[in-house]
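A short worksheet on the structure shown next.
Just follow the structure's listing: the first ligand is 1, and inside any ligand the first atom is 1. For the numbers below, each heavy atom of this structure counts, side chains included, while hydrogens, waters and symmetry mates do not. Along the sequence shown, residues are numbered consecutively beginning with 1.
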Amino acid sequence: MGSCPRDLCVDGKTVAIPERYIRHDQDPTIVVDAPSLPEIPVIDFVKLKAHEESPELERLYAACKDWGFFQLVNHGMSPSLTEAIKRGTVELFDLPKEERARYEQKVGEMEGFGRAFVVSDDQKLDWADVFYLHTLPRSLRKPHLFPELPLPYRDDLDAYSEETKKLAVELLRLMGKALGMDSREVSELFEEGMQGMRMNYYPPCPQPELVIGLSSHSDADAITILLQVNETEGLQIQKDGVWIPVRPLPGAFIINVGDIVEMVTNGIYRSINHRATVNTTRERVTVASFYSPRMEAVIGPAPSLVTADNPAQFRRITVAEHLNGYLTSELKGKAYLDSMRIQK
Ligand SMILES: O=C(O)CCC(=O)C(=O)O
Ligand SMILES: [Fe+2]
């Protein structure tokens, strides 16, 4: 893994923090008054589905508009499947070096073990190992990755990608409904979309305040479903300029609005900055499922939401152009999304 944090460990202890990981460019990672800060909203999927006109739909609307983040409880995904994904993901990062080498990121590609968003040699690095792969549609799966994953993880991941896709499509439908968006626009864009997954492994760091596990960013996709694999907390979201730690509820998914939904809803739903901090003694592992429309789909403000009083705020582009622009930029908060704005 070259210069990955894992290679800095000797007998499980990190020997020194190389300069490339030391971040003077970030807000302090320790949130001093954390107990007094608000928590992200909690949405109950059973309530949401049972009465689609219910206050729960209003709460979903407020969560997407005011927070861009919420925890989803009662989502209906089988705990045995999520437990299998957790186990398999931990095992994936524990594979011996020779085994990992098969899945190593190739030059110029983003899939496999490696890093994301490194665009220059002098850029600072995040304190993490990541494993990224395309999961759906199946035709996008790289022959040396998904089909070569160890069993039973491969089959579990196949089932998990289908289940998270279903959940993403349903949430997007309800989010559109809560907004009064034309339901055909929602289904045309999102029903047959594509999905990628990123497994994030954040090793412990003796001086966590000097580094960052994942730099501040907003997600490029439409909606992200995050599975917290172990108990270690670390996700923080930026609300009204303040970093707020997320405390995952047992069994919940953490859901966030991505840039594509901010563009399609013409800025009503917000894709907000978030980052991952690291822990002094404990590793942290998460699995992020990213869901977007297909590459050839055109994204931009939905016609049903654009009016004379509420003119289009974003340019229209294809998903392919959008993702290409995002993935070839350094992660820097919402700078990329801002470049899509129509100048007034
Ligand atoms: O690991 C986390 O808590 C956040 C992961 C994340 O934001 C991402 O993978 O985009
Ligand atoms: Fe993210």
Side-chain angles (χ1 to χ4, degrees), residues 5 26 29 31 34 39-40 64 67-72 82 85-86 89-90 92-93 105 110-118 125-135 160-161 164 168 195-205 208 211-239 243-249 252-262 269-279 282-292 322-323 326-327 329-337:
Q26 67 182 6
T29 53
V31 180
E39 306 254 343
I40 64 170
C64 295
W67 285 84
F69 258 90
F70 57 91
Q71 300 207 45
L72 189 72
T82 48
I85 293 299
K86 291 179 184 181
T89 305
V90 170
L92 183 75
F93 285 108
Q105 214 172 46
M110 56 177 295
E111 291 189 69
F113 277 113
R115 307 183 167 285
F117 310 106
V118 178
L125 296 177
D126 288 346
W127 194 261
D129 285 0
V130 298
F131 180 83
Y132 180 83
L133 80 175
H134 291 310
T135 45
Y160 185 69
S161 53
T164 41
Q195 183 192 60
M197 282 198 198
R198 189 158 75 215
M199 288 67 182
N200 298 299
Y201 175 91
Y202 308 101
C205 177
V211 304
I212 193 79
L214 182 57
S215 299
S216 164
H217 66 286
S218 62
D219 292 348
D221 63 345
I223 190 167
T224 305
I225 299 177
L226 187 79
L227 175 68
Q228 168 92 19
V229 169
N230 59 6
E231 305 295 297
T232 315
E233 292 177 7
L235 176 63
Q236 296 180 347
I237 69 165
Q238 195 176 35
K239 182 164 177 15
W243 286 103
I244 299 181
V246 173
R247 302 197 181 89
L249 297 169
F253 283 124
I254 298 157
I255 312 282
N256 67 283
V257 169
D259 292 347
I260 290 177
V261 161
E262 178 161 337
Y269 288 160
R270 306 295 312 284
S271 155
I272 75 162
N273 275 337
H274 54 285
R275 65 183 185 177
T277 63
V278 300
N279 191 276
R282 281 168 295 144
E283 63 183 23
R284 178 164 182 265
V285 185
T286 60
V287 176
S289 311
F290 303 106
Y291 190 72
S292 315
H322 167 65
L323 294 182
Y326 180 91
L327 294 170
S329 315
E330 191 177 345
L331 271 193
K332 271 212 179 112
K334 295 188 69 170
Y336 174 72
L337 183 63

Vertex the Fe ion (ligand 2), rays to NE2 in H274 and NE2 in H217 - rounded to 10°: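 Roughly 90°, rounded to 10°.
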Non-hydrogen atom of H217 closer than 4.0 Å to ligand 1: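 In this structure, H217 qualifies as a contact of ligand 1 - some heavy atom is under 4.0 Å.
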I need the minimum non-hydrogen distance between [X] and [Y], along with the two atoms involved.
X    : Y    : answer
F290 : R198 : CE1-CB, 3.6 Å
M110 : Q105 : O-NE2, 3.3 Å
S161 : Q195 : CB-OE1, 2.9 Å
S271 : S218 : OG-CB, 3.2 Å

Nearest-neighbour protein heavy atom for atom 3 (O) of ligand 1, which is reported as residue plus atom name and distance: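 For atom 3 (O) of ligand 1, the nearest protein heavy atom comes out as R284 NH2, 2.8 Å.
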For atom 9 (O) of ligand 1, closest protein heavy-atom neighbour: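 Scanning the protein heavy atoms, the shortest distance from atom 9 (O) of ligand 1 goes to R198 NH2, 2.9 Å.
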If you count the atoms of ligand 1 from 1 in the order shown, which ones are under 4.0 Å from a heavy atom of [X]?
X    : answer
A288 : 9 (O)
Y202 : 1 (O), 2 (C), 4 (C), 5 (C)
H274 : 7 (O)
F290 : 8 (C), 9 (O), 10 (O)

The Fe ion (ligand 2) to D219: nearest N/O/S atom name: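 Sorting the N, O and S atoms of D219 by distance to the Fe ion (ligand 2) puts OD1 first.
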Which segment of L214 sits under 4.0 Å of ligand 1 when only heavy atoms are counted: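 L214 to ligand 1: side-chain contact only, backbone stays beyond 4.0 Å.
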Structural part of T224 in contact with ligand 1, heavy atom criterion under 4.0 angstrom: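 For T224, there is no contact with ligand 1 at all, from either part.
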Any side-chain heavy-atom pair of T277 and I212 under 4.5 Å: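 Contact flag for T277/I212 side chains = yes.
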Parallel, tilted or perpendicular: rings of Y160 and F253 (30°, 60°):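 F253 vs Y160 ring planes: tilted.
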Ring centres under 6.0 angstrom apart (F113, F93):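 Between F113 and F93, the centre distance is under 6.0 Å.
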Identified side-chain contact (heavy atoms from CB on, under 4.5 Å) counterpart of R284 within the set L235, V229, N200: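 It is L235; the other options fail the test.
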